[in-house]
Trainee: 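Input: one structure, supplied below.
Values reported hereafter were calculated over all heavy atoms of this structure, with side chains retained and with hydrogens, waters and symmetry mates removed. Within every chain, numbering begins at 1; the chains are lettered A, B, ... in the order of the sequence lines, protein sequences first and strands thereafter.
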There are 2 protein chains.
Amino acid sequence: MNDLINLKNKVLFYTDVDEEILGRELVKYERISLGKADFLVRPGQIVDRFYYLEKGCICYYKEEEGEIKVLEFYTEDVFFTDLPSYVNQQPSNCYLKAIESSMVFAVKKEVAEESFNNSHQLERFGRLSMQEAFMKLFSRVERMSIRSNEERYLRLLEKRPDLFQRVPNYLIASYLGMTPVGLSKLRKRLSKA
Amino acid sequence: MNDLINLKNKVLFYTDVDEEILGRELVKYERISLGKADFLVRPGQIVDRFYYLEKGCICYYKEEEGEIKVLEFYTEDVFFTDLPSYVNQQPSNCYLKAIESSMVFAVKKEVAEESFNNSHQLERFGRLSMQEAFMKLFSRVERMSIRSNEERYLRLLEKRPDLFQRVPNYLIASYLGMTPVGLSKLRKRLSKA
DNA sequence: GAAACTCGTTAAACTGGTTTAATAAATAGA
DNA sequence: TCTATTTATTAAACCAGTTTAACGAGTTTC
């Protein structure tokens with residue numbers, strides 16, 4: 001069996017969906033196993049799937065002038081994809097890379113859209129999950145514009161302590177918008193105070 | 001007559017909606033006129049409406065320790081609200097203030113939700129407009145974490161040149177995450193080069 | 001038309017980051 | 001187990017911003 005229980009609950013968290021309808025859709029998801037450092041998406045590729053991360057950790061980043069710029073870390077129980085590529089069916093310019101061995105469920109774009117067409121309930125799930133994602137992202141924008149690096153580092157430490165175990169420090173620095181050197185100095189300053 | 005043509009086209013931009021169904025919903029929108037410096041939302045207030053900006057310019061900001069932190073400028077032809085307050089029906093901690101005299105259409109939350117219930121098409125419009133808002137916000141996050149202040153200033157100048165006419169400089173500085181002094185220095189540096 | 005604000009620029013001193021480079025420590029590969 | 005690679009820290013020089021304060025040019029207000 002496919003162990004879709006978490007994915008199912010994730011959908012039901014947003015809105016009621018007929019068990020039978022939902023079941024019929026979820027079996028269409030493919031299971032993808034990723035080893036550490038495997039890529040789910042590379043630049044140039046057209047992303048035609050929406051993903052759900054069952055287990056593991058995925059780093060969403062782009063590379064510019066040889067430098068890695070981390071946009072997000074995805075961990076257990078989230079939906080994700082490279083949305084610009086997915087929506088417009090254009091070549092991605094990002095990476096989705098497993099930082100540790102991971103388990104992902106994937107649904108093809110046509111299949112997902114067919115679900116939205118066939119079920120008002122699933123369409124609603126789509127709207128509400130997108131709305132929640134938007135709100136989370138907005139509070140991130142808020143933090144980025146209002147808070148200092150130090151505040152944001154401390155908040156990350158508090159809200160996602162696991163990341164510091166699973167993810168190398170220089171990627172966290174990039175995610176916080178600074179260099180590894182800068183982060184190192186920041187940590188030192190904090191440890192003294 | 002209520003001049004709902006722009007709002008109507010905005011909805012239709014996202015997805016097909018039966019003209020009749022849409023018409024029936026749009027007449028439920030109230031029209032709100034705002035003078036320069038009028039508030040649409042103040043902290044403490046529970047936001048129970050979703051807005052469409054027909055004309056004018058609205059500044060979305062919060063105040064902390066007496067300092068204004070600009071989160072967004074809304075200009076003609078966008079949907080907006082204070083989402084955290086709207087979604088969770090909790091007191092807002094933001095302002096929505098007209099920077100110039102503005103014209104807004106507003107729909108009550110109950111009415112909007114009723115529309116989503118009654119029409120799969122409108123639910124889809126809700127999903128797709130939210131998806132687009134998410135993507136735009138994501139590219140802003142991208143810029144905030146990857147680009148320098150200078151790059152972001154130049155981009156704003158290019159993408160939203162009107163803002164520099166309508167909005168005082170110190171609000172733009174805040175939006176860009178810097179002080180008026182810092183922005184002034186940046187401009188001077190650029191004008192020399 | 002004077003007084004009171006608002007807004008933008010400048011200067012000076014400071015600070016939290018950057019870059020580059022060297023070194024140390026930890027991890028992975030054969 | 002030894003080597004090679006990756007990751008984290010430190011130092012030094014630098015720089016783009018900050019804070020505070022002062023000043024001048026517009027605007028409002030009455």
Trainee: Name every residue in residues 173-184 of chain B that has at least one heavy atom under 4.0 Å from any atom of DNA chain C, in order of residue number, or write none if there are no such residues.
Mentor: V181(B), S184(B)

Trainee: Using Watson-Crick or G-U wobble pairs with both distances under 3.5 Å, give me DNA chain C in dot-bracket, 5' to 3', with [ ] for crossers and | for pairs to another strand.
Mentor: ||||||||||||||||||||||||||||||

Trainee: Filter on salt bridge (Lys or Arg N to Asp or Glu O under 4.0 Å), then keep only pairs touching residues 106-117 of chain B, sequence neighbours left out; what's left?
Mentor: D48(B)-K108(B)

Trainee: For R187(A) and N149(B), take the nucleotide of DNA chain D holding the closest heavy atom to each; which residue's nucleotide lies nearer the 5' end?
Mentor: R187(A)

Trainee: Can you see which heavy atom on S115(A) is nearest to which on L122(A), and at what distance?
Mentor: CB-CD1, 3.8 Å

Trainee: Is it the case that the ring center of F79(B) lies less than 6.0 angstrom away from the ring center of Y14(B)?
Mentor: no

Trainee: Could you walk me through whether L156(A) and E158(A) pass the side-chain contact (heavy atoms from CB on, under 4.5 Å) test, one step at a time?
Mentor: CA-CA 5 Å; L156(A) 192 63; E158(A) 189 198 323; over 6 Å; no

Trainee: Looking only at heavy atoms, what is the nearest atom pair of R152(A) and G177(A), with distance?
Mentor: NH2-N, 4.3 Å

Trainee: Any idea which heavy atoms bring V70(B) and L171(B) closest together, and the distance?
Mentor: CG2-O, 3.6 Å

Trainee: At a heavy-atom distance below 4.0 Å, what parts of residues 152-161 of chain B sit against DNA chain C?
Mentor: none

Trainee: I want to know whether Y175(B) and F73(B) have ring centres closer than 6.0 Å.
Mentor: yes

Trainee: With a 4.5 Å cut-off on side-chain heavy atoms, are S145(A) and K69(B) touching?
Mentor: no

Trainee: Just the endpoints, please: which first and last nucleotides of DNA chain C, 5' to 3', lie under 4.0 Å from a heavy atom of chain B?
Mentor: dC7(C) to dA11(C)

Trainee: Measure the spacing between CZ of F105(A) and CD of E30(A) and express it to the nearest 0.5 Å.
Mentor: 11.0 Å

Trainee: Checking T81(A) against R49(A) for the side-chain contact (heavy atoms from CB on, under 4.5 Å) test, could you report, in this order, the C-alpha distance in whole Å, the side-chain angles of both residues, the deciding distance, and whether it holds?
Mentor: CA-CA 7 Å; T81(A) 191; R49(A) 286 171 169 80; 5.8 Å; no

Trainee: Below 4.5 Å, heavy atoms only, C-beta onward: do E20(A) and R24(A) meet side chain to side chain?
Mentor: yes

Trainee: Between F134(A) and F134(B), is the ring centroid distance below 6.0 Å?
Mentor: no

Trainee: Could you list where the contact with chain A starts and ends along DNA chain D, reading 5' to 3', using a 4.0 Å heavy-atom cut-off?
Mentor: dT7(D) to dA11(D)

Trainee: Mark yes when over 12 heavy atoms from residues, nucleotides or ligands other than D16(B) sit less than 6.0 Å from its CG; otherwise mark no.
Mentor: no

Trainee: Going by atom types alone, do D18(B) and Q121(B) pair a side-chain donor with an acceptor below 3.5 Å?
Mentor: no

Trainee: Quick check against the 3.5 Å criterion: does S174(B) have a side-chain atom that pairs as donor or acceptor with the backbone of Y170(B)?
Mentor: no

